[in-house]
Participant: 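Handing you a structure now.
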Number of protein chains: 2
Amino acid sequence: MGTEERKKREKEQRRNQIIDAAEKIIFSKGLEQSTMDEIAEEAELSKGTLYLYFKNKNELYLAITKRGSTILNNQLAKIFATSHQHTGIELIRMIGQLYLDFVREHPNYFNAFIYYESLNNVEELEESEFAQTCEKHREEALNYMIRALQIGMQDGTIQDNYDPKELALVIWASTKGITTVTHMRSLGHHLEMIDEMEISVESLFESFLNLVGTGVATEEAREKGLTGSHNIETN
Amino acid sequence: MGTEERKKREKEQRRNQIIDAAEKIIFSKGLEQSTMDEIAEEAELSKGTLYLYFKNKNELYLAITKRGSTILNNQLAKIFATSHQHTGIELIRMIGQLYLDFVREHPNYFNAFIYYESLNNVEELEESEFAQTCEKHREEALNYMIRALQIGMQDGTIQDNYDPKELALVIWASTKGITTVTHMRSLGHHLEMIDEMEISVESLFESFLNLVGTGVATEEAREKGLTGSHNIETN
DNA sequence: TCACTTTCTGACTGACAGTCATTTTTAAGT
DNA sequence: ACTTAAAAATGACTGTCAGTCAGAAAGTGA
């Protein structure tokens with residue numbers, strides 16, 4: 001009989017029901033301000049039950065983080081499903097744009113990412129299946145970046161005198177830096193100086209893509225204007 | 001009589017004594033694992049006294065963060081004290097190198113920076129004099145970056161078709177992204193995949209500087225090899 | 001209906017951030 | 001030296017909350 005299977009499915013549903021509740025509470029008032037009692041109430045369960053499904057509060061938040069990273073990676077996969085239609089340098093641009101769109105559409109998940117990265121209790125992370133998945137996704141994302149660069153080196157839109165792995169890491173890290181600034185800004189979080197500068201996120205990111213574009217693009221790709229819509233004239 | 005002044009000085013000393021103790025405890029076991037009682041004991045004071053000098057635990061950690069950001073900005077200032085000896089593109093490189101050196105020498109302060117950026121309780125931050133100073137330092141750092149770019153646009157080593165403010169923000173954010181990855185890696189924190197790639201921090205950062213260098217440098221500066229020691233040959 | 005397992009409950013515990021009435025120390029006047 | 005008022009420091013106490021666990025409830029299968 002399929003009882004076993006049904007039970008597994010139900011267990012998974014409960015888990016999701018708890019994560020749903022946790023998101024509602026934590027996204028509205030922040031991790032520190034949210035109590036397990038509140039989350040339990042929102043989930044229409046008792047606090048004890050939460051601990052049957054998640055080892056502790058951090059683990060529950062990691063489950064949320066995993067959700068976010070799954071969304072992001074699915075979108076990355078979509079880009080690469082049509083990778084044959086694009087040049088390498090275009091793919092790099094598209095990945096960058098994806099991160100920007102993600103931080104705008106899912107600021108709360110992005111917050112979770114930042115929190116995740118601030119954790120430095122390595123053992124705890126290694127024990128968590130959610131953290132493991134997040135890590136796997138990160139690796140995957142980096143691999144997509146590497147592939148885009150390799151494609152670009154093949155099609156001649158990206159200089160081939162870089163080590164693609166190394167360059168991927170550099171671009172990925174820079175993209176995250178830019179995305180983080182964008183995010184912090186949208187939070188109203190400090191950095192009001194940026195507002196005073198009257199720089200829009202769009203043009204900021206455009207500059208970044210151009211910078212990366214001209215930095216890695218071949219002369220040829222640069223001349224053809226493939227590196228960005230606001231292409232830089234090489235003098 | 002100078003009693004007033006002496007008292008002020010003593011008060012400042014107490015404050016520093018507490019921050020010293022807090023650093024010892026928090027740097028060794030992390031913010032969450034550290035209790036105010038422990039810190040009080042280390043400082044040879046009672047817990048209550050800690051609260052006479054710092055509103056709460058977060059505020060105390062912000063004081064530590066401020067220390068770190070002061071160190072960083074002093075070093076930035078040093079670079080600019082001799083700015084007339086360097087071209088704009090060189091200054092950009094030096095700033096990047098400074099961040100890398102900082103994260104290596106002061107990983108604990110850098111941790112504090114990451115934590116600081118993960119806070120999203122804006123009101124609390126605005127009330128804290130320490131957070132205010134950190135914010136001021138950030139603005140200063142960005143201004144140094146802008147100046148470096150302006151110098152480079154003057155001396156012809158940096159393309160002048162970018163908005164220096166915007167570009168500064170982009171490079172600054174990217175630098176922080178790279179630095180953060182470097183830091184996380186040195187923590188043993190996830191990202192073991194980087195180890196597997198056998199990419200050294202040096203070459204990683206070198207790539208970044210080259211990327212930024214070639215992205216913003218003028219053709220002329222690129223040819224003269226001013227953008228980096230491992231200069232990229234333009235085909 | 002019974003016996004057994006799985007799931008759930010919520011009162012309880014321990015830990016810790018933050019408070020405050022009280023004590024101790026310091027500074028200045030007489 | 002004595003008094004007094006202000007400033008600094010104390011640590012026992014409180015409230016909150018993460019996490020536990022003995023027992024209740026629900027589900028399963030014979």
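In the text below, chain A, chain B and the rest are named by the order of the sequence lines, each starting its count at 1.
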Participant: Specify the residues of residues 32-55 of chain A, ordered by number, for which at least one heavy atom lies under 4.0 angstrom from an atom of DNA chain C.
Facilitator: A/Leu45, A/Ser46, A/Gly48, A/Thr49, A/Leu52, A/Tyr53
Participant: Do you know which of A/Asp37, A/Ile18, A/Asn56 makes side chain to side chain contact (heavy atoms under 4.5 Å, CB included) with A/Leu50?
Facilitator: A/Ile18
Participant: Evaluate A/Lys29 against A/Glu38 for salt bridge (charged side-chain N to carboxylate O under 4.0 Å, His left out), listing each step before the verdict.
Facilitator: CA-CA 11 Å; A/Lys29 49 201 306 201; A/Glu38 275 177 294; 2.5 Å; yes
Participant: The test is salt bridge (charged side-chain N to carboxylate O under 4.0 Å, His left out); show your working for A/Asp20 and A/Arg67 and say whether it passes.
Facilitator: CA-CA 10 Å; A/Asp20 287 342; A/Arg67 270 197 185 176; 2.9 Å; yes
Participant: Nearest-Å distance, NZ (B/Lys57) to P (C/dT19)?
Facilitator: 15 Å
Participant: side-chain contact (heavy atoms from CB on, under 4.5 Å) with B/Ala168: which residues, sequence neighbours excluded?
Facilitator: B/Leu142, B/Met145, B/Ile146, B/Leu149
Participant: Could B/Arg138 and B/Glu135 be called an ion pair, given the rule that one side-chain N must be under 4.0 Å from one carboxylate O?
Facilitator: yes
Participant: Please report the distance, rounded to the nearest Å, between CG in A/Asn56 and P in D/dT20.
Facilitator: 8 Å
Participant: Should the pair A/Glu32-A/Lys57 be classified as a salt bridge under the 4.0 Å nitrogen-to-oxygen rule?
Facilitator: no
Participant: Atom CD of B/Glu5 to atom P of C/dT26: distance rounded to whole Å?
Facilitator: 20 Å
Participant: May I have the distance from A/Lys11 (atom NZ) to C/dC8 (atom C1'), rounded to whole angstrom?
Facilitator: 12 Å
Participant: How close do A/Gly68 and A/Phe113 get, counting heavy atoms only, and between which atoms?
Facilitator: C-CZ, 3.6 Å
Participant: For DNA chain C, determine which residues of residues 14-25 of chain B have any heavy atom closer than 4.0 angstrom to one of its atoms, and list them numerically.
Facilitator: none
Participant: Tell me: CZ of B/Arg9 to P of D/dA7, nearest whole Å?
Facilitator: 19 Å
Participant: State, to 0.1 Å, how close B/His183 and B/Pro107 come at their nearest heavy-atom pair, and which atoms those are.
Facilitator: NE2-O, 3.4 Å
